[in-house]
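All values below were derived from every heavy atom in this structure, side-chain atoms included, with hydrogens, water molecules and symmetry-related copies excluded.
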2 protein chains.
Amino acid sequence: MFTLSEENYLKAIYHLESDSNKGISTNAIAKSLETKASSVTDMVKKLSEKEVVIYKKYQGVTLTELGKKTAANIVRKHRLWEVFLVEKLNFSWDEVHEVAEQLEHIKSPKLINQLDSLLGFPTHDPHGDPIPDKDGNVNTVDKILLSTLSKNEKGICVGVNDSSSEFLRFLDKKKITLGKKITVLEREDFDDSLFIEIDGEKLSISKKIANNLYIKK
Amino acid sequence: MFTLSEENYLKAIYHLESDSNKGISTNAIAKSLETKASSVTDMVKKLSEKEVVIYKKYQGVTLTELGKKTAANIVRKHRLWEVFLVEKLNFSWDEVHEVAEQLEHIKSPKLINQLDSLLGFPTHDPHGDPIPDKDGNVNTVDKILLSTLSKNEKGICVGVNDSSSEFLRFLDKKKITLGKKITVLEREDFDDSLFIEIDGEKLSISKKIANNLYIKK
DNA sequence: ATAATTTTTTAGACAAGTCTAAAAATAATG
DNA sequence: CATTATTTTTAGACTTGTCTAAAAAATTAT
């Protein structure tokens, strides 16, 4: 069994690993957990003893198979709870993260299995992120950033890169939700903004927005 | 805000207070939390600083109004989650306690309000215990122990005194569930057992069982 | 009412997880 | 390649919540 703190470290390393393919530096972990590198060193030694990470001094850490499975299970719980909050408890997608951060640490396999079933075995959370299965396998889709679309290309909105409340509420305001079709009508070279059509509405989208919206062609 | 440990102390004191009407001894708290009296003394000082208990050395502790409200809110969460587990996730009444012990510490007022609504604003948990309202008020019913019924008296089964898995599974086996009508056909003086009728079935019930089942006349 | 017993508190220690400050190793630069 | 600069680790300290052992207070019994 893992402590709350250990679980948070595992999750952080898991997410960092999916971005890079090398060992994760203590500094990177410290930044992501808003703690100090010295604390990370201590914890990483402990996780290494528990055989969920491989750690050699000054070399960064990588998750072992056990570590990956453990971390994926926490992410699975987090995302299932997010679906629950939105589908069953009328939370909006910008409100779920904080609560799911707490719920993800509840220990009860039956609880999660039954929740999964109650929700109809969802494959993605409210932000479009895939929900790992019981064995920790993730169904990765070939989604691309909206910003990579050329003029006159279309795609379905399938996820967000930034899931901060501010960004999500912005999308709500603009009626941009997952599943909608987006067409790029124009690309403005001088500021890399896009002029798009969604739901019959035409609107301008900044580079920053386009860099945080995932599309499936 | 309160730590996990503080919340567990508050809950323990809350439950102990409902049984007795004097200050709660450190020993009693220690027993109920399976810890040592010295640890209780330390924690009780902390809770006193936070103004949720009144504590004078060697005099035991009592909850302040704030303490009562805080504790009742934790109990409210515990019991709502128990209803959720039984009603929505197909848990049986002997499986819910342990998971609810974890879920009761999740901090999110919206979560609890929405859960309450999803469940149809239940008034009692699966064991018949009342669910405190948002202000911490509890609807106490005039329930009595089955063992206090005389021959030929009837009542509705409304709760359990002992909610251990063993006892609850025993009741399941005997098809004794909340809401059912029980008639005392006979009282055996030599061992204080009862011969009862429930659902048209006649069966014998030991003193111990009769002392752990609540009835409403 | 004094002695014996029990309960409660104090004092000091320990583990987990964190921090700061300093030392050691690695990486970057001229 | 020698010297900065950066990153990482170590050492020691602090907090929370716990424990044991001993002292102090309260209770019970003789």
Is B/T26 close enough to C/dT7 that one of its side-chain N or O atoms is under 4.0 Å from OP1 or OP2 there?
no

Phosphate oxygens OP1/OP2 of C/dT6: is one of them under 4.0 Å from a side-chain N or O of B/N27?
no

What I want to find out is whether B/K11 reaches B/E101 closely enough, with some N-O distance under 4.0 Å, to be called a salt bridge.
yes

Establish, with yes or no, whether the OP1 or OP2 oxygen of C/dT7 is under 4.0 angstrom from a side-chain nitrogen or oxygen of B/S25.
no

Can you tell me which stems DNA chain D forms, taking runs of 3 or more consecutive Watson-Crick or G-U pairs with both distances under 3.5 Å?
C:1-30 with D:1-30

Checking B/Q114 side chain against A/F91 main chain: does a donor-acceptor pair fall under 3.5 Å?
no

Taking the side chain of B/K36 as its heavy atoms from C-beta onward, which of D/dT8, D/dT18, D/dT20 lies nearest to it?
D/dT20

Would you please classify the geometry between the A/F170 ring and the A/F167 ring as parallel, tilted or perpendicular, with 30° and 60° separating the classes?
parallel

Can you tell me if A/K69 uses its side chain to pair, donor with acceptor, with the backbone of A/T64 under 3.5 Å?
no

Answer yes or no: is there an ion pair linking A/E98 with B/K110, defined by an N-O contact shorter than 4.0 Å?
no

Mind telling me whether A/W93 and A/H127 have parallel, tilted or perpendicular rings, with 30° and 60° as the class edges?
parallel

Donor-acceptor pair, B/R76 side chain versus B/P132 backbone, under 3.5 Å?
yes

What nitrogen or oxygen pairs link the protein and nucleotides 10-14 of chain C at under 3.5 Å?
residue : atom : partner : partner atom : Å
C/dT10  : OP1  : B/K57   : NZ           : 2.4
C/dT10  : OP2  : B/K45   : NZ           : 2.4

Salt bridge (charged side-chain N to carboxylate O under 4.0 Å, His left out) contacts touching residues 79-91 of chain B (sequence neighbours left out):
B/R79-B/D125

